Every structure is written in structure tokens, then in C-alpha cells.
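Have a look at the structure below, then the notes.
Side-chain atoms are counted along with the backbone in the values below, which use heavy atoms only and exclude waters and symmetry mates. From a predicted model like this one, the values you see are computed outputs, not experimental measurements.
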Amino acid sequence: MKLPHWPRRVFAQLLLSQTVVTFGVTAVTAGLFLAPVSSELDHDAMQRALSIAQATATDETIARAADTRDVVTAQRNAEQIRLATGASFVVVTDLDGIRLSHTDPGRIGHRVSTDPEPALGGRSVTAIQQGTLGRTARGKVPLRTADGRIVGEVSVGISDDSIRRRLLKMLTGILLCAGAGLAAGTAATLLLARRLKRRTHNIALADISALLAEREAMLHGIREGMVALDQRGRIRLANDEAVRLLGLPGDCTGRPITEVLPPGRLTDVLTGRITGADLPAVRDDRVLVVNRMATTEAAVVTLRDRTELESLVRELDTTRSLTEALRAQDHEHANRMHTLLGLLELGRHEEAVAFISEQSGSHAVIAARIAEQVQDPHVAALLAGKTAVAGERGVRLVLPPAAHLPDAVVDARALVTVLGNLIDNAVDALAPGGGGRLEVTLAAAGATLLLQVADSGPGVPEELREQVFEEGWTSKDAPAHRPRGLGLAMVRRLVERTGGRIVLDTGPLGGARFTVELPEALLTAQLVEA
């Protein structure tokens, strides 16, 4: 025979287990209640028997009958008391313990079945004892004459059957109460089980363990950050990638997201104050793409690290710009070759030589001047490339004669990122109109580096000079391959992370001027020599 299986569903297990527990608790409670009730009934019966015995002992007629061993009088009066009180027996004995009355007349004249000595000795006694009439609750008192002499005892018994009948009457009420409690508990368990069934989608208990293991493996195995927030904005869980990308502390679980992250666009996106899909945000030097999905009880946020992709996209943009510049230079070179060919065909050899010298020396002169003023190779290469790209877009990029940067940059990569973003923004602002001018100034003051990027463009209104540094803010149309509004936000983060500052105002050329101060960005002379 196959044994019934334990139910697999969570709600069924809960219903069964809670029903068993409720039934068991009800049974134990009823049993614990009945135990003292039975004892109390026995005690009440013994006290009642004692009271009847004491009342009987005050009857002087019975006392004289015991003193004179008058069986007839003792039997008549004892039976009257028994019938009046409903006792099982009222027995009167003499000093030797010989019965003078009994419900069974045939036992009169015989010694009582239980020890009469305590009562004959002057003490009142109560007990549950087994006698000739079965198990009874008894009360025994000494029987005294008017002058106080003990002439016998009075023993009164109440049958155990009457006690049990009283207990059964009480038991019915107790069982009704227990049944009502059991029914209420079962109904509450059923409601709880149904609610749990809806909440758990009627899945099996074994499936919960498997789902938990799969969730842990998925959360910590994927390469995207994932953060779950409750309705109050507190972190319920965060996988390893989210902790790394956001720089969360180890005890972040249970804490509000606004407590572990500084105010800004990223925090606003995580809390839902800014909505949308694939929202860009910056955390330190990382570019993140954030998506938030809210549910009835929580919100799940996914994070993708686009830092390397953003760097590659910027390099792609630079490559495209250089390609366009090379295409334009190729076209210009063809025009120059046609001009040179015409000069040679006209026999103007001296003008041809001068034309070649002028064209070949202009770019070399610009590169040489940049290398002379900017001794760091990374920054010099950046400025040379940006000068060529800006020139092809009709923008003139110049370095003032006082501009100078020694070959002592601590973090050339960060400086190239800051300077490249500022130049790109200035060129984008000048290129539509054409013929603009862009000045880049570099200066060293001990270990502090000062740089300025000023243009002759339309500038930035004063009320927008703080807003331009916010993540996602832009005045340009975003291209399809990457979001806008991250460059200046990243620049500001990089500058402030090193303890520096960046200021936007109106420059001498009439357009925007960005002034950046980077402390400890240069090695001192002693360190360079070392």
C-alpha cells in the first residue's frame, strides 16, 4: 500500500501543519484545564462531606445514641440526614469503630473498613478513599456529647459517580469552547494559506529553494549591476557588480539609497524622481546607463558600465573627425598640386619653389611651436590633433605665447580627458558659424596646473552656467550611437576628485571661458630630477 505523500505546495503544507498544531494546542489546553477542574471537584466533594459530618455531629440525639449504643435511634437519624443531604452514606460509630448506622443494615455492628482512629482522636479528616460502597470523598469528625466527651465518630461519604457526573456536565461546555476555538483557528489558517497561495503563485516548497539558489547565482554571475529597492527607497539587495559600480558600503542592505549615495542625477534616477529608459549617469569616473522598473512592492534598477564604450565612442568620433580632415586635406592637396603644375607649366619656377616651401612648412611650424610650449607628449599630441581637426571645421585653435606645460604631469590620461572635452565643446559651439577662434592656455604654479579654454562663440547665459555641468543636460541633438550631456559632468567629477575646481564665465574673446585649477597635478622640480 502506498503511503500518502506530504503535500508539495506551500499553502497546502501550511494549512495541514497549522491545522495539526491548532488541534494539538486545543487538546493540550483542554487537558490542562480539566486536570485542575477534576482536583477541584474532589476537593469540593470532600469539603461538602466534612460539612455534613460536622452538622450531624452537633445532633445531641445521635451523640447519646452512640454513647448508649442505641442502634435504632442512630440509624433512623443518620438515614434522615443522608436522604436530606443527598450523601452516599452517613455512618455513626462508637468508640471502638463499630457501625451504629449504614445504608446497608447488614453492615451495622461491624467495624468500619477505614481507620477511625484520627477522628476518634479528636481530629477532622477529609480524604478520597475506597470503602465498601466504592470510591468516595469522605469527611470524618469526632462525635461528642454535651460535656465534650468523644463517644464515636461521624463519617460521611459522597460517591465518586456524582463527582464524575458533575465533571461530565462541565466537560460538555469545555469541549464546545475547545471546538469553537479549533474552528476559529482552522478558519484563520485557511485564510492565511489562501493568501500565501496567492503570494507564492502556488509554487512547491522545493521550487522556492531552487529559485533562491538560481537567483543568487544569477545576481552574482551577471555582468550588469542590479539593485532592488523597497517602497521606502531602502536597499533590499545589491549584487557584486552594483556594489562595485556605485561604490556601495558593505552594510548597504536595509539603508536608504539617499544615505549611501550623494545627491545628484544618479540618486534621482535610482529613486524614480527622474524617469525614462537607458538614462545616462556618472559615478566618479564611470559612465553608467540606468534602467528602473517599479513593481507594486519594490523597484528593480539595472546598471550598465559604459565607461570603456564611451571612451571607444569618443575615439571613434576623433577618428571620424581625423578622417574627414584627411579627406579635406586630400582635396586641398590636389588643389595645391594643380596650382604647382600650373606654375611649372607657365615657367615660373621661382614662384613654384616658394609655394612648395610655404605649404610644407606651415604645418611643421605649428607642430613645432606646440611641442616647444607643451612638453608633455600626450597633451602635445592632443593639441596637435585638435588643431588640425578644428582647422578643417573652420575654427582656429591657438596657444598664447605665454602658454607652457612642463613634462611633469602626474596623470596625463585625466588631463587629456579634461582638456579634450573642453576643446570639443568649444569647437562644436564655433563650427556652425565658422571663422571662430579658440585659445588654450596652460600654466604651471609649483605643483598646481592652471588651464583655460576660451572661445569667441555665443557663450553660456549666466543662469545656465551651473546647469551645464549636470548629467544629461545638453543643448545639442544626441547622436544615435551615444547619449549627450556626460562630457562636462565627467570633467567636473574628475576635477573635483583631485581637489580642484572648474569655473565657467565669459572670456576676453566674448564667448565661454572654462578655467580649471588642478592642485598636485605636476611633479615638483626635485621629483623630476630624482
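- In terms of heavy atoms, L518 sits closest to A521 at O-CB, 3.4 Å.
- Side-chain contact between T417 and L494 is present, with heavy atoms from C-beta onward closer than 4.5 Å.
- Side-chain contact between I98 and I108: absent, with no pair of heavy atoms (C-beta onward) separated by less than 4.5 Å.
- The number of heavy atoms from other shown groups lying within 6.0 Å of CZ (R501) does not exceed 12.
- Judged purely by atom type and a 3.5 angstrom limit, T73 has no side-chain atom pairing as donor or acceptor with the backbone of D70.
- Contact check for T515 versus L451: no side-chain heavy atoms found under the 4.5 Å cut-off.
- Within the model, atoms CG of N77 and OG1 of T61 stand 6.0 Å from one another, a figure rounded to the nearest 0.5 Å.
- Separating the CD atom in E224 from the CG atom in L288 is a distance of 11.5 Å, to the nearest 0.5 Å.
- One distance of note links CG of L120 with OG1 of T93; it measures 5.5 Å at 0.5 Å rounding.
- Counting only distance, with no hydrogens or angles, the side chain of T126 and the backbone of G139 share no donor-acceptor pair below 3.5 Å.
- Annotation for V269 and R292: closest pair O-CD, 3.3 Å, computed over non-hydrogen atoms.
- When each of L270, I235, T267 is checked for a side-chain contact (heavy atoms from CB on, under 4.5 Å) with L246, only L270 meets the rule.
- Remark: E60 CD is loosely packed, at most 12 non-hydrogen atoms of other residues, nucleotides or ligands lying under 6.0 Å away.
- F89 is listed as a side-chain neighbour of T136, based on a closest heavy-atom distance under 4.5 Å.
- Here the shortest heavy-atom pairing between R69 and D96 reads NH2-OD2, 3.6 Å.
- Counting heavy atoms of neighbouring residues, nucleotides and ligands inside a 6.0 Å radius, atom CD of E462 does not exceed 12 of them.
- The main-chain N or O of A63 is never found under 3.5 Å from a side-chain atom of D67 such that the two would form a donor-acceptor pair.
- In terms of heavy-atom proximity, A78 sits nearest to S101 at CB-OG, 3.5 Å.
- Within the 4.5 Å cutoff, side-chain heavy atoms of V301 are placed close to those of L303.
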(request) Begin with the C-alpha distance, continue with both residues' side-chain angles, and end with the deciding distance and a verdict on side-chain contact (heavy atoms from CB on, under 4.5 Å) for L100 and Q75. (result) CA-CA 6 Å; L100 301 177; Q75 173 71 357; over 6 Å; no

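- Shortest non-hydrogen contact noted between L245 and G225 is CD1-N, 4.3 Å.
- Note: R234 CZ to E259 CD = 11.0 Å, rounded to the nearest 0.5 Å.
- In summary, D230 and R236 do not engage in a salt bridge, as defined by a charged side-chain N under 4.0 Å from a carboxylate O.
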(message) Walk me through whether V460 and D505 qualify under side-chain contact (heavy atoms from CB on, under 4.5 Å).
(response) CA-CA 8 Å; V460 179; D505 58 4; over 6 Å; no

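- Counting all heavy atoms, side chain and backbone alike, E517 lies closest to V495 at O-CG1, 4.2 Å.
- For D251 and R255, the salt-bridge test passes: some basic side-chain N is under 4.0 Å from an acidic carboxylate O.
- Note on K140 versus E153: no salt bridge recorded, every NZ/NE/NH1/NH2 to OD/OE distance being 4.0 Å or above.
- Exactly one residue among I52, V91, V90, V156 makes a side-chain contact (heavy atoms from CB on, under 4.5 Å) with R82. That residue is V90.
- Inter-residue side-chain proximity for L449 and V409 is flagged as unmet; no heavy-atom pair is nearer than 4.5 Å.
- A donor-acceptor pair is defined here as one N or O able to donate and one able to accept, closer than 3.5 Å; no such pair exists between the side chain of T253 and the backbone of A238.
- Counting heavy-atom neighbours within 6.0 Å of R232 CZ, excluding the residue itself, gives a total of 12 or less.
- A distance of 14.5 Å separates CG of N421 from CZ of R492, quoted to the nearest 0.5 Å.
- Taking CD from Q54 and CG from L50, the interatomic distance works out to 4.0 Å, rounded to the nearest 0.5 Å.
- T56 is not listed as a side-chain neighbour of L143, based on a closest heavy-atom distance of 4.5 Å or more.
- A donor-acceptor pair under 3.5 Å is formed between the side chain of N239 and the backbone N or O of M226.
- The pair D104-R99 does not meet the salt-bridge criterion, since no charged nitrogen lies less than 4.0 angstrom from a carboxylate oxygen.
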(request) Decide yes or no on salt bridge (charged side-chain N to carboxylate O under 4.0 Å, His left out) for R149 and D147, but give the supporting numbers first. (result) CA-CA 6 Å; R149 289 184 302 107; D147 56 2; 3.2 Å; yes

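- Within the 4.5 Å cutoff, no side-chain heavy atoms of T103 are placed close to those of S88.
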